[in-house]
4 protein chains.
Amino acid sequence: MSPRKVKKEEKRREIALSCTDLIHEIGMKNITVAQVAKIAGIGKGTIYEYFENKEDIIFEIINIHIEKYNKDLVESLEKANSTKEKLELFFKLVLEDDEENLKHFNGYKEFLSIVLSEENPRMKEFNCNKNEFFRAKLLKIFEDGVQKGELKNESLALVDGILTYQKGLALRKMSQNNFDTKQNFKQFIDAIFKLIRLEK
Amino acid sequence: MSPRKVKKEEKRREIALSCTDLIHEIGMKNITVAQVAKIAGIGKGTIYEYFENKEDIIFEIINIHIEKYNKDLVESLEKANSTKEKLELFFKLVLEDDEENLKHFNGYKEFLSIVLSEENPRMKEFNCNKNEFFRAKLLKIFEDGVQKGELKNESLALVDGILTYQKGLALRKMSQNNFDTKQNFKQFIDAIFKLIRLEK
Amino acid sequence: MSPRKVKKEEKRREIALSCTDLIHEIGMKNITVAQVAKIAGIGKGTIYEYFENKEDIIFEIINIHIEKYNKDLVESLEKANSTKEKLELFFKLVLEDDEENLKHFNGYKEFLSIVLSEENPRMKEFNCNKNEFFRAKLLKIFEDGVQKGELKNESLALVDGILTYQKGLALRKMSQNNFDTKQNFKQFIDAIFKLIRLEK
Amino acid sequence: MSPRKVKKEEKRREIALSCTDLIHEIGMKNITVAQVAKIAGIGKGTIYEYFENKEDIIFEIINIHIEKYNKDLVESLEKANSTKEKLELFFKLVLEDDEENLKHFNGYKEFLSIVLSEENPRMKEFNCNKNEFFRAKLLKIFEDGVQKGELKNESLALVDGILTYQKGLALRKMSQNNFDTKQNFKQFIDAIFKLIRLEK
DNA sequence: AATGAATGAGATTTCATTCAT
DNA sequence: TATGAATGAAATCTCATTCAT
């Protein structure tokens, strides 16, 4: 990238980051360009020097959040030992209820709402890319498990199902009132593990 | 219900049904009250004799679609024999790709988008009610399977996980570009069935 | 009046009276024809058998209230002795703060608001008629005072001014936040009485 | 005020002033935002850069009219000599019938109609402020009269009563068909002056 | 005489985006 | 490069009144 482009990229981040708090208050969709400009301390017109349109702003915000989440996930996965531990980290987004994580979760919820509502190919593609990233991570977890002799070989066939199950957990947590995510997870994963764990 | 109320209820349905096609063209959220009135062949003001507000119209449309889908599901479940057959019927919404079913699926997608985006407690509650209905159906399928000696007793513990998995399938189909729903389903369900099927 | 007309007149009153409470809650202007019909226990269309239009309903309501107030005023004036006593009764509408009187006052306020806002000749004429009625009453009070030797002859020239002053008191009470009506009245009337009272 | 703010203030005035004629034709309440925008030669959306809402536009219009009237009043009062002359100037709004003054009078009428009709605390408070301004002016007139030896000391006690009387004159002129404002004023004020004027 | 279903004109307000400076 | 004033399309909802039954 040219130095020019790099600078632009930096400014995009800066602007997007400046409205993090605002977004958690009123939501991505409800934010106005005027608000973004004000909170970023620049003019409304200037926004359009760095972003194509409003959607592009939202895109950048989502991007930052997800990149951050992914980075944290990768780091924590590296420190984990057992397969089950890793799996729990992998499900952290839907299981953990501390403030930090809830922010990520709600951001993801808003992101999904956009993907579902609009015919927005760019967002959809972005979603696919991220999915592949996550799939690769999950696959790695299982492969490591197999290599370490923790899991049966056949367990690799479950990766996609578990990925799907994770999406389902997210959706249910997002759309149901008193959904007990943890209990649903525990029951299901325990059962699955019975199936795929190698008896030593 | 008084005859009065019944008539109102009928008219609501009639109006809501009249815009089925329009909805599939432009989406529930994008519809305008003026359009609904025109297509229903009545005045704009008349709409408000039967609906509280625009949201109420969308609500009725969703309701009709879901009720219809549920009715069909129940009927087809009654005719099915094996547990696996029933399970496939239960997953029909996300698996089948004929026009009729795609309409239901897209309706469900729009519905979810609304549930996720707005602070719309009514929709959310409605979603919860329907979820319970579906959970009951799935549980029944498994209980019948156990009773008929097809499934292990412990398989009942998987009901909630599978329900969640179904949501995940829906979400992935909605939000990913070339997601192979059927293959994901087959792989996962086959594996699960290995676990829970009684060897005869 | 023909018996038919009399019956119509009675029904008008009945309908108008039925919404007295509602009016005090939400105001004459804010009432809807549907509400009037419901509270009167008749159909919306039936309203138009007895009233020309919505304005006509309001007109009837105002009429009833003012007639009632006038009747009470005349009765109480007959029982009063001294001129000053009578004058206080004459100012009762703006001075007294009990619930009953406040209802009349607020009704009058709404009435004035209508007279001022619309170019409503009928209301305006009605207002003039009532004004003449009140002027006659006030004049009578003063004439009696003169005849009884309480007041100077010239005091009759003040009748119109005092009538005007009373309107001013009403307007200020209606439009100012902490207007001390009683104190304004006392100070003014005392001063006036010094001027017009005959020393005995 | 920042230059920013000053410009906004100026533009508010400019927009409000541009619809003066329109208002006299159709009334403040009947004006639409679209009409204001058109007559001001700007877009509908631009209106909302300078005004909170429609009420705010009306508010500005009233403000301008009243400020203008007050300024003229203060100027003319300075030029007047005798107390009676000043008093006549003070009553000018209700007495004079030239076009210029009638516009102010009708503006005041519309303003009062709003104050009486709506639960509009802002307008009511504004009314109170202006009332205090006028009361101060009237008091000054009387104090000067006393100081110059034209009026008795006690006449100061009449200030509030006369202010009230003036409101009454306004209200009657607004709400009665053939009310003879001048005659009512002359008769009343002459009588009052007999009471309060010092014989020299 | 009584009804109440149907009507539709009409007005406010928001906000992403442009463009002249 | 930065700005922010100007834009205007677009959509909801109310309610007095009519009229067929």
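In what follows, chains are A, B, ... by sequence order, proteins preceding strands, each numbered from 1.
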Report yes if the side chains of [X] and [Y] come closer than 4.5 Å at any heavy-atom pair, otherwise no.
X	Y	answer
A/Lys68	A/His104	yes
D/Ile15	D/Phe51	yes
A/Ile58	A/Met123	yes

Counting side-chain heavy atoms from CB outward, which of F/dT3, E/dA9, E/dT3 is closest to B/Lys44?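 Looking only at side-chain atoms, B/Lys44 lies closest to E/dA9.
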If you take any heavy atom closer than 4.0 Å to DNA chain E, which residues from [range] end up in contact?
range	value
residues 31-42 of chain C	C/Ile42
residues 12-23 of chain A	none
residues 57-65 of chain A	none

Map C/Asn30 and D/Ile47 onto DNA chain F by nearest heavy atom, then report which one ends up closer to the 5' terminus.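 Going by which nucleotide is closer to the 5' end, it is D/Ile47.
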Earlier contact from the 5' end, DNA chain F, for B/Thr46 and A/Glu49: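 Residue closer to the 5' terminus by nearest nucleotide: A/Glu49.
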Stem list, DNA chain F (Watson-Crick or G-U pairing under 3.5 Å, at least 3 consecutive pairs):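 Looking at DNA chain F, the stems formed by three or more consecutive pairs are E:2-21 with F:2-21.
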I'd like to know if the side chain of B/Thr46 and the backbone of B/Ile42 have a donor-acceptor N/O pair within less than 3.5 Å.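 Not confirmed, B/Thr46 side chain does not pair with B/Ile42 backbone.
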Taking A/Ser113's backbone N and O only, do any of them form a donor-acceptor pair with A/Ser117's side chain (distance below 3.5 Å, no angle check)?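 Yes, the answer is positive, given that a donor and an acceptor are paired below the 3.5 Å cut-off.
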Which is true for A/Phe51 with a 4.0 Å heavy-atom rule: it touches a base, it touches only sugar-phosphate, or it touches nothing?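 Since no nucleic acid heavy atom lies under 4.0 Å of A/Phe51, the category is nothing.
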Length of the line joining [X]:[atom1] and [N]:[atom2], which is rounded to integer Å:
X	N	atom1	atom2	value
C/Lys29	F/dC15	NZ	P	13 Å
A/Asp56	E/dT17	CG	P	10 Å
C/Glu52	F/dT18	CD	P	10 Å
A/Asn53	E/dT18	CG	C1'	13 Å

Do any side-chain nitrogens or oxygens of A/Tyr48 fall under 4.0 Å of OP1 or OP2 in E/dC19?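 So the side chain of A/Tyr48 is outside the cut-off, no N or O lying under 4.0 Å from OP1 or OP2 of E/dC19.
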For a quick test of your reading: what N or O donor-acceptor pairs under 3.5 Å do the side chains of residues 28-41 of chain B make, sequence neighbours left out?
residue : atom : partner : partner atom : Å
B/Asn30 : ND2  : B/Ile26 : O            : 2.5
B/Thr32 : OG1  : B/Gln35 : N            : 3.1
B/Thr32 : OG1  : B/Gln35 : OE1          : 3.4
B/Gln35 : OE1  : B/Thr32 : N            : 3.0

Nearest 0.5 Å please: distance from the CD1 atom of B/Ile62 over to the NZ atom of B/Lys130.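 Output value for this atom pair is 11.5 Å.
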Quick one: salt bridge (Lys or Arg N to Asp or Glu O under 4.0 Å) partners of C/Asp21, sequence neighbours excluded?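 Salt bridge (Lys or Arg N to Asp or Glu O under 4.0 Å) list for C/Asp21, sorted by chain: empty.
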Ring-plane angle category for C/Phe111 and C/Phe126, please: parallel below 30°, perpendicular beyond 60°, tilted otherwise.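 Rings of C/Phe111 and C/Phe126: perpendicular, as their planes differ by over 60°.
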